[in-house]
Amino acid sequence: MHILSFIILFTCILVPFPKISVANDSINLPQSMRDGDTLVSKTRKFELGFFSPGSSQKRYLGIWYKNIPIRTVVWVANRENPINDSSGILTLNTTGNLVLTQNKSLVWYTNNSHKQAQNPVAVLLDSGNLVIRNDGETNPEAYLWQSFDYPSDTLLPGMKLGWDLRTGLDRRLTAWKSPDDPSPGDVYRDLELYSYPEFYIMKGTKKVYRFGPWNGLYFSGVPDLRNNTIFGFNFFSNKEESYYIFSPTNDLVMSRIVMNESTTIYRYVWVEDDQNWRIYTSLPKDFCDTYGLCGVYGNCMTSQTQVCQCLKGFSPKSPEAWVSSGWSQGCVRNKPLSCKDKLTDGFVKYEGLKVPDTRHTWLDESIGLEECKVICLNNCSCMAYTNSDIRGAGSGCVMWFGDLIDIKQLQTAGQDLYIRMPASELESVYRHKKKTTTIAASTTAAICGVLLLSSYFICRIRRNNAGKSLTEYDSEKDMDDLDIQLFDLPTITTATNDFSMENKIGEGGFGPVYKGILVDGQEIAVKTLSRSSWQGVTEFINEVKLIAKLQHRNLVKLLGCCIQGQEKMLIYEYMANGSLDSFIFDDKKRKLLKWPQQFHIICGIARGLMYLHQDSRLRIIHRDLKASNVLLDENSSPKISDFGMARTFGGDQFEGNTSRVVGTCGYMAPEYAVDGSFSVKSDVFSFGILVLEIVCGKRNKGLYQTDKSLNLVGHAWTLWKEGRALDLIDDSNMKESCVISEVLRCIHVGLLCVQQYPEDRPTMASVILMLESHMELVEPKEHGFISRNFLGEGDLRSNRKDTSSSNDVTITLLEAR
Ligand SMILES: *[C@@H]1O[C@H](CO)[C@@H](O)[C@H](O)[C@H]1NC(C)=O
Ligand SMILES: *[C@@H]1O[C@H](CO)[C@@H](O)[C@H](O)[C@H]1NC(C)=O
Ligand SMILES: *[C@@H]1O[C@H](CO)[C@@H](O)[C@H](O)[C@H]1NC(C)=O
Ligand SMILES: *[C@@H]1O[C@H](CO)[C@@H](O)[C@H](O)[C@H]1NC(C)=O
Ligand SMILES: *[C@@H]1O[C@H](CO)[C@@H](O)[C@H](O)[C@H]1NC(C)=O
Ligand SMILES: *[C@@H]1O[C@H](CO)[C@@H](O)[C@H](O)[C@H]1NC(C)=O
Ligand SMILES: *[C@@H]1O[C@H](CO)[C@@H](O)[C@H](O)[C@H]1NC(C)=O
Ligand SMILES: *[C@@H]1O[C@H](CO)[C@@H](O)[C@H](O)[C@H]1NC(C)=O
Ligand SMILES: *[C@@H]1O[C@H](CO)[C@@H](O)[C@H](O)[C@H]1NC(C)=O
Ligand SMILES: *[C@@H]1O[C@H](CO)[C@@H](O)[C@H](O)[C@H]1NC(C)=O
């Protein structure tokens with residue numbers, strides 16, 4: 001009996017995981033694989049087999065994604081040596097090598113000669129890595145061979161791009177010649193092992209694009225690609241290895257980086273809703289990324305009409321050519337350096353740059369900026385210096401020798417660079433510089449005001465912090481020993497001062513909410529569930545235990561429950577800053593929440609909801625997401641509350657159709673309000689409304705609002721269609737602190753979430769991707785917000801008494817039709 005129920009429970013929990021497959025993921029010793037056979041990795045993520053690319057008839061051995069409908073090849077073995085028919089055979093031989101033959105003639109083989117093979121086996125791993133290893137060996141260092149060491153045009157998560165200096169192995173991405181021909185073209189991405197190493201896109205021997213060296217957080221020229229909630233990036237460099245690596249913070253994100261023959265690097269993510277790959281970023285980004293465009297000592301500025309400008313203290317070498325965009329000769333100093341007399345040289349600090357080409361550099365990670373300056377000053381060929389690592393206050397020292405080339409002025413972020421200048425120039429440069437910074441600032445910040453740059457920064461940093469949490473909760477959610485506390489009624493009565501009116505802090509969907517203080521001083525929130533009757537005590541406790549296991553930084557923590565007769569109460573941690581609605585709809589308090597915090601809140605709610613929908617072991621549909629159900633902790637981080645209510649109350653009616661519609665006017669998806677049919681997509685709808693409310697600072701009035709123009713969704717939709725989405729931004733405080741592109745993105749995502757048909761709405765996982773990236777978004781279709789006419793007044797009359805006073809009270813519609 002016990003075992004049986006255990007099994008049932010276990011099966012329920014495991015439902016989302018794929019079934020154990022019977023396909024082979026490995027080739028053992030006497031075996032071989034023919035054209036038509038495939039290896040499939042353990043959880044069916046990748047497949048190895050023979051394929052013909054594009055319109056080609058030729059056969060190649062390659063690896064592609066198994067679990068997506070679009071054939072996407074990530075690795076090719078015999079790139080240069082295709083097989084002309086389907087007679088290819090892949091064999092593992094006793095020395096631990098894979099050999100691809102056609103009619104006994106050698107087509108391709110692996111190169112393991114230095115490691116001793118003992119009972120070798122070739123396995124396709126779930127990472128997309130084909131490895132040859134001795135049976136039972138799990139240490140990657142001991143692999144006899146791995147395909148990750150020989151990338152084609154694709155970089156997968158966990159793959160190292162760069163050098164193994166011990167063996168001289170250079171892992172680089174080489175573009176296919178064409179979509180029909182995987183043979184290596186002359187376009188590749190490679191890591192140059194300069195003293196301060198950096199990546200280039202090369203075409204033949206010509207540098208096409210430079211990423212900029214890694215500065216501890218990102219490649220100097222690509223500040224966008226730093227740790228966020230979707231990806232972690234890292235670069236390692238020491239005597240043994242020097243490589244770049246990236247990985248999604250979440251298993252649900254599928255992503256790959258591809259070197260294309262058009263000299264562009266694309267980073268794709270798989271969007272489940274579209275069943276397609278979307279471009280997350282592409283590099284080079286703009287005109288100024290063209291290698292060496294402005295010549296030596298030229299600074300490339302996309303924001304200016306004159307794209308190339310000489311650094312201050314320099315003038316075009318050929319002024320005639322310069323005016324007609326002939327920048328390649330670069331710039332020369334106005335006054336020569338007076339190097340012999342050391343004391344008269346100095347440095348000018350430039351900010352927000354992609355630092356110059358590091359070919360002639362010298363790096364010392366152990367010294368700081370001051371020492372760096374002294375060393376640079378004492379060497380006449382040292383032209384510039386800066387910190388090699390910008391994390392925290394900055395550390396390390398890198399110096400440039402000889403002419404500086406390929407400098408770019410970045411719009412956001414960017415690094416400081418100290419450039420050598422004769423003393424006679426220093427003063428005039430500083431006078432000059434002040435003027436230009438002011439001009440630059442006033443143009444970039446035209447809409448958002450002068451705070452744009454700094455708030456962008458804050459937002460970025462906050463996103464980073466949030467990013468870490470995504471991985472943290474994974475370990476938490478498996479805590480099985482977590483048990484909930486059963487409180488007795490006297491404890492709660494004492495804590496809440498006998499449920500006194502002073503202690504009442506709100507009205508939840510199922511009864512009043514009280515603040516309480518336990519004897520040990522802990523503050524709690526007590527949610528009474530007086531109307532609950534369709535669950536027995538044991539079921540209720542079991543349910544609460546399950547809910548208590550949901551642990552996420554964006555969910556309010558359930559501490560326990562209290563049961564006394566028909567009265568049931570849930571005990572939560574107390575949130576000092578109250579609910580979100582008290583901030584966003586209040587003119588005074590709203591000013592306390594600047595845009596970076598608002599964005600942080602939107603992202604946090606999205607993550608909490610995604611956890612409920614797909615990351616937790618129980619799939620929870622909230623059914624009543626709204627501003628008053630989002631609480632703010634002391635750091636203004638959002639926490640969703642009431643998330644288990646649908647479950648504790650719905651009982652058998654947890655998913656599907658219900659005749660008992662629980663929800664709040666203004667937040668309910670049409671299919672739910674009208675048909676009582678609900679799904680994760682009805683939560684997505686509520687989320688969309690909430691996003692629009694946060695951005696606009698207005699309630700979505702909805703059902704009781706006769707004036708249609710005050711219906712927020714309709715208003716937002718109209719302005720969006722007219723191209724006036726910016727008018728939606730609540731101007732009281734946002735315009736000075738917002739990042740326009742982020743606000744517009746939020747409105748766009750909000751509108752996608754409130755589309756009429758549930759299947760058009762994105763999942764929360766997609767919402768997070770869309771919020772966090774720069775990927776292109778589809779145009780939203782007509783929203784599905786129901787007006788009062790649509791629902792019909794009569795249905796609501798019975799509830800009207802207790803709901804008309806406020807739009808924000810949870811209503812219960814019985815037999816909504
Ligand atoms: C897996 O490999 C073994 C050994 O060659 C073979 O007997 C078996 O049929 C293979 N299974 C599948 C599903 O191909
Ligand atoms: C395929 O290639 C093999 C060896 O290169 C050759 O012997 C054979 O004739 C070719 N077959 C066709 C159909 O071209
Ligand atoms: C196994 O394959 C490698 C690579 O082709 C070759 O050098 C080696 O001689 C082969 N060993 C045996 C025993 O066939
Ligand atoms: C395979 O090779 C043998 C001898 O080298 C030759 O006779 C035969 O025609 C070849 N078969 C194919 C299909 O190329
Ligand atoms: C095998 O190694 C040699 C030199 O070490 C290299 O030139 C060759 O490309 C390698 N072959 C493969 C299939 O990796
Ligand atoms: C390179 O990119 C272009 C444009 O996006 C695309 O049409 C082409 O298929 C890509 N080439 C390869 C080999 O993927
Ligand atoms: C970025 O994330 C990676 C893991 O994905 C981590 O190793 C690295 O330390 C993080 N970098 C920073 C600057 O936080
Ligand atoms: C300046 O630095 C360069 C590069 O490190 C070095 O080769 C040269 O000897 C140094 N010159 C002096 C005078 O120290
Ligand atoms: C939240 O509460 C903390 C501590 O009570 C307070 O310092 C902070 O200002 C509050 N935040 C907001 C946005 O009111
Ligand atoms: C819900 O009801 C609709 C129509 O009333 C029906 O088409 C649908 O199949 C039902 N769904 C479930 C899960 O019962």
Side-chain angles (χ1 to χ4, degrees), residues 27 29-30 32 77-78 81 89-102 104-120 122 132 144-145 156-160 194-196 214-220 222-237 243-251 253 255 337 339-340 342 345 358-364 367 372 374-385 388-392 394-395 397-403 413 420 460-472 474:
I27 302 177
L29 243 193
S32 53
N78 52 325
N81 211 0
I89 297 180
L90 181 68
T91 316
L92 181 67
N93 79 17
T94 48
T95 53
N97 279 297
L98 282 169
V99 182
L100 181 59
T101 52
Q102 180 196 24
K104 303 252 163 61
S105 72
L106 201 57
V107 173
W108 173 89
Y109 57 94
T110 62
N111 246 355
N112 163 45
S113 49
H114 55 286
K115 282 178 188 157
Q116 194 63 41
Q118 271 173 340
N119 199 10
I132 307 173
L144 302 172
W145 181 90
L156 292 174
M159 210 160 153
K160 294 174 178 177
Y194 302 142
S195 177
Y196 197 29
W214 183 260
N215 61 24
L217 292 176
Y218 51 86
F219 291 120
S220 179
V222 205
D224 292 357
L225 289 183
R226 63 164 88 183
N227 285 7
N228 57 30
T229 51
I230 307 170
F231 294 112
F233 306 93
N234 224 335
F235 183 82
F236 293 92
S237 195
Y243 65 85
Y244 167 70
I245 194 166
F246 84 100
S247 51
T249 51
N250 189 315
D251 273 352
V253 177
S255 166
L337 293 168
C339 192
K340 294 263 154 47
K342 283 166 202 150
D345 276 350
T358 63
R359 178 166 188 159
H360 303 290
T361 45
W362 178 88
L363 173 73
D364 188 337
I367 61 178
C372 198
V374 174
I375 299 174
C376 188
L377 200 57
N378 281 293
N379 185 323
C380 285
S381 45
C382 177
M383 289 300 153
Y385 72 93
S388 56
D389 188 332
I390 64 165
R391 280 176 290 182
S395 65
C397 164
V398 55
M399 294 176 205
W400 278 259
F401 297 94
D403 291 339
R420 190 181 202 112
R460 286 273 163 190
I461 291 162
R462 281 173 176 268
R463 284 203 222 169
N464 286 352
N465 292 343
K468 277 178 206 131
S469 74
L470 253 172
T471 40
E472 274 164 19
D474 276 329

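Counting starts at 1 for both ligands and their atoms, following the listed order.
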**Fill in**
So the atoms of ligand 7 within less than 4.0 Å of a heavy atom of Leu217 turn out to be 13 (C)
**Request:** Kindly state if atom 14 (O) of ligand 8 has a protein heavy atom within a strict 4.0 Å cut-off, that is, under 4.0 Å?
**Result:** yes
**Asked** To which of Asn227, Ile245, Asp389 does the heavy atom nearest atom 10 (C) of ligand 7 belong?
**Response** Asn227
**Prompt:** If you look at every heavy atom in Thr110 and Ile132, which pair is closest and at what distance?
**Reply:** OG1-CD1, 3.8 Å
**Request:** For side chain to side chain contact (heavy atoms under 4.5 Å, CB included), just list the numbers for Leu98 and Leu90, CA-CA rounded to whole Å, side-chain angles, deciding distance to a tenth of an Å, and then say yes or no.
**Result:** CA-CA 7 Å; Leu98 282 169; Leu90 181 68; 4.0 Å; yes
**Prompt:** Has ligand 7 got any nitrogen or oxygen that is less than 3.5 angstrom from a nitrogen or oxygen of Asn234?
**Reply:** yes
**Asked** To the nearest 0.1 Å, how far is atom 1 (C) of ligand 8 from its closest protein heavy atom, and which atom is that?
**Response** Asn379 ND2, 1.4 Å
**Asked** Just which atoms of ligand 3 are under 4.0 Å from any heavy atom in Tyr109?
**Response** 4 (C), 5 (O)
**Request:** Give a yes or no on whether the ring-centroid distance for Phe235 and Tyr244 is below 6.0 angstrom.
**Result:** no
**Message:** As an exercise, identify every atom of ligand 7 less than 4.0 angstrom from a heavy atom of Gly232.
**Reply:** 2 (O), 5 (O)
**Request:** Check ligand 3 against Val99 and write out every atom of the ligand that is under 4.0 Å from a heavy-atom position of the residue.
**Result:** 2 (O), 5 (O)
**Fill in**
Note: Arg420 and Leu377 closest approach over all heavy atoms is NH2-O, 2.8 Å
**Message:** Whether the Asn379 and Ser381 side chains hold a donor-acceptor pair (N or O, under 3.5 Å, no angle test) is what I'd like checked.
**Reply:** yes
**Message:** Please determine whether side chain to side chain donor-acceptor pair (under 3.5 Å) holds for the pair Ser220 and Asn215, giving the CA-CA distance in whole Å, both sets of side-chain angles, and the decisive distance to 0.1 Å.
**Reply:** CA-CA 6 Å; Ser220 179; Asn215 61 24; 4.9 Å; no
**Prompt:** In terms of ring plane angle, is the pair Tyr243 and Phe236 parallel, tilted or perpendicular, where the classes change at 30° and 60°?
**Reply:** tilted
**Message:** Checking a contact table here: which protein heavy atom is nearest atom 9 (O) of ligand 3, and how many Å away?
**Reply:** Asn93 ND2, 4.8 Å
**Request:** Return the minimal non-hydrogen interatomic distance between Gly96 and Ala117, and the atom names on each side.
**Result:** N-CB, 3.8 Å
**Request:** Report the part of Phe246 in contact with ligand 7, treating N, CA, C, O as backbone and CB onward as side chain, heavy atoms under 4.0 Å; options are side chain, backbone, both, neither.
**Result:** neither
**Message:** As a quick check of understanding, evaluate side chain to side chain contact (heavy atoms under 4.5 Å, CB included) for Thr361 and Met399, giving each step before the final call.
**Reply:** CA-CA 5 Å; Thr361 45; Met399 294 176 205; over 6 Å; no
**Request:** Ignoring hydrogens, tell whether any protein atom lies closer than 4.0 Å to atom 7 (O) of ligand 8; use the non-hydrogen atoms only.
**Result:** no
**Fill in**
atom 5 (O) of ligand 8 sits nearest the protein heavy atom Phe401 CZ, 3.8 Å
**Asked** Near Thr94, which atoms of ligand 3 are under 4.0 Å from a heavy atom of that residue?
**Response** 13 (C)
